[in-house]
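Here is the structure we will look at.
Keep in mind the model is a prediction, meaning the values are calculated, not measured. Each chain gets a letter, A, B and so on, in the order the sequences are listed, and its residues count up from 1.
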Number of protein chains: 2
Amino acid sequence: MFSKACEYGIKASIFIAISSSEGKRVTPKEIAEEINSPQAFTAKILQALVKHDVINSVKGAYGGFEIDKNQINKIKLAQIVNAIDGDKIYRGCGLGLEKCDENHPCPVHDKFKSIRNNLQFMLEHTTLEELALDIKSGASFLKV
Amino acid sequence: MFSKACEYGIKASIFIAISSSEGKRVTPKEIAEEINSPQAFTAKILQALVKHDVINSVKGAYGGFEIDKNQINKIKLAQIVNAIDGDKIYRGCGLGLEKCDENHPCPVHDKFKSIRNNLQFMLEHTTLEELALDIKSGASFLKV
DNA sequence: ATTAAATAGGATATTTTTATCCGAAATAAA
DNA sequence: TTTATTTCGGATAAAAATATCCTATTTAAT
Ligand code: FES
Ligand code: FES
């Protein structure tokens, strides 16, 4: 469904959101440990998220990654997925035709489109805040 | 969403279904042309579909691939996906946790599960026959 | 200024997926 | 029986995704 890079990106963002809500910046090392991901690869993904203004980075000593506290309830999963995997989830054809086109649909277009719309709606309406809250309360987990 | 191999497998199966309904066997060459896929790679996928009893192969001159005429309305997309990509679509965690587990859910488990269930239902209820009919009538397309 | 800690980013390596190639085995027709 | 055609299956090759490594740059504290 999502690429590994995207999975790491989502989990990392949730962890950064939690830390930022507690006023702490975090390093790629801490993040990788918390979400059980390869550190250097995760660092690359964090760069992409910074470039797309999902998270913020502070260079130098006492630096790290953070998210503006009052942005946490505004950031949607869709932004993260879009920053890393692009919009091929929405634009691409489920059977690999050049593009998904109402006027030249593949055999599963209608059925696929409805599922994809559900996915899109979910991504566009799920905030980092709600996911972070579930982690904090122990209702969900970032690793194992 | 699906692997390339799976996309080719689905499109190939639809084309074989159409040909078989007209009493014709087809070769990997014809299939690859019809679905715009790499021939040798497609042939490998056809082998997997044969092994999983989705399609039938006849070796030797005048041989090729076919589907038992009165099976076309019984074969579900789920069988093809399962033959090629396995059951990781259903079993796997959306965020890459070791397994998708109600008692140890990832942050998107609930939301993801409902979408995945829709997908599963769609795959388990869509037959090769209905997809083949749409191609025949010109309502959908296998390439470009 | 110097130092230590941190991100940025290029280069490279590994693994997985996708794709190609070729010879062996099977089969129908001549 | 010979030949032509076709699937089967193993061995590679190429491309993409994932992962690692190393150096440069930035920055806060001393
Ligand atoms: S054309 Fe294939 S999903 Fe729309
Ligand atoms: S645990 Fe992640 S989808 Fe179920």
TODO: For B/Asp85 and C/dT18, give me the distance from atom CG to atom C1', rounded to whole Å.
DONE: 13 Å

TODO: Please state how far atom NZ in A/Lys29 lies from atom C1' in C/dT7, giving the value in whole angstrom units.
DONE: 16 Å

- [ ] May I ask you to check whether A/Ser21 and A/Lys136 show a side-chain donor-acceptor distance below 3.5 Å?
- [x] yes

Task: C/dT7 OP1/OP2 closer than 4.0 Å to side-chain N/O of A/Gln47 - done: no

Task: Atom-pair distance (CD1 on A/Ile55; P on C/dA8), nearest Å - done: 8 Å

Open item on the list: Do B/Ile75 and B/Ser13 make a side-chain contact, defined as non-hydrogen atoms from C-beta onward lying under 4.5 Å apart?
Closed with: no

TODO: Starting at atom NZ of B/Lys24, determine the distance to atom P of D/dT6, rounded to an integer number of angstrom.
DONE: 15 Å

Task: Rounded interatomic separation in angstrom, taking NZ from A/Lys51 and C1' from C/dG9 - done: 8 Å

Open item on the list: Please determine whether a side-chain nitrogen or oxygen atom of B/Ser57 lies at a distance below 4.0 Å from atom OP1 or OP2 of D/dC8.
Closed with: yes

Open item on the list: Ring-plane angle category for B/Phe41 and B/Tyr8, please: parallel below 30°, perpendicular beyond 60°, tilted otherwise.
Closed with: perpendicular

Task: Distance in angstrom units between B/Asn36 CG and C/dT18 P, rounded - done: 16 Å

- [ ] Let me know the distance between CD of B/Glu66 and C1' of D/dT6, rounded to the nearest Å.
- [x] 13 Å

Open item on the list: Using whole Å, what does the distance between atom C1' of nucleotide C/dA19 and atom CD1 of B/Ile45 come to?
Closed with: 10 Å

Task: Minimum-distance pair of heavy atoms, taken over all atoms of A/Gly9 and A/Ile84 - done: CA-CD1, 3.8 Å

TODO: Locate the shortest heavy-atom distance separating B/Arg91 from B/Cys100; write the atom from each residue and the value.
DONE: O-CB, 3.3 Å

Open item on the list: Quick test of your reading of the model: are A/Lys69 and A/Glu129 salt-bridged, counting only N-O distances below 4.0 Å?
Closed with: no

Open item on the list: Could you work out how much the helix from C/dA1-D/dT30 to C/dA30-D/dT1 bends, comparing the axis of its first five pairs with that of its last five, to 10°?
Closed with: 0°

Please tabulate, one pair per line, each protein N/O and nucleotide N/O from nucleotides 19-22 of chain D that are separated by under 3.5 Å, including the distance.
unit_1 : atom_1 : unit_2 : atom_2 : d
D/dA19 : OP1    : A/Tyr8 : OH     : 3.4
D/dA19 : OP2    : A/Tyr8 : OH     : 3.0

TODO: Scan side-chain atoms only and decide if B/Ser3 and B/Asp85 contain a donor-acceptor pair under the 3.5 Å cut-off.
DONE: yes

TODO: Flag the pair B/Phe141 / A/Cys106 as yes when at least one side-chain heavy-atom distance between them is below 4.5 Å, and no otherwise.
DONE: no

Open item on the list: Hydrogens and angles aside, do A/Thr127 and A/Lys74 bring a side-chain donor and acceptor to less than 3.5 Å of each other?
Closed with: no

Return the polar atom pairs (N/O with N/O) between nucleotides 26-30 of chain D and the protein under 3.5 Å, or none.
unit_1 : atom_1 : unit_2  : atom_2 : d
D/dT26 : O2     : A/Gly60 : N      : 3.4
D/dT27 : O2     : A/Ala61 : N      : 3.3

Open item on the list: Could you check whether A/Glu7 pairs with A/Lys11 (Lys NZ or Arg NE/NH1/NH2 to Asp/Glu carboxylate O, under 4.0 Å)?
Closed with: no

Task: Nearest heavy atoms of B/Tyr62 and B/Arg25, plus distance in Å - done: O-NH1, 3.0 Å

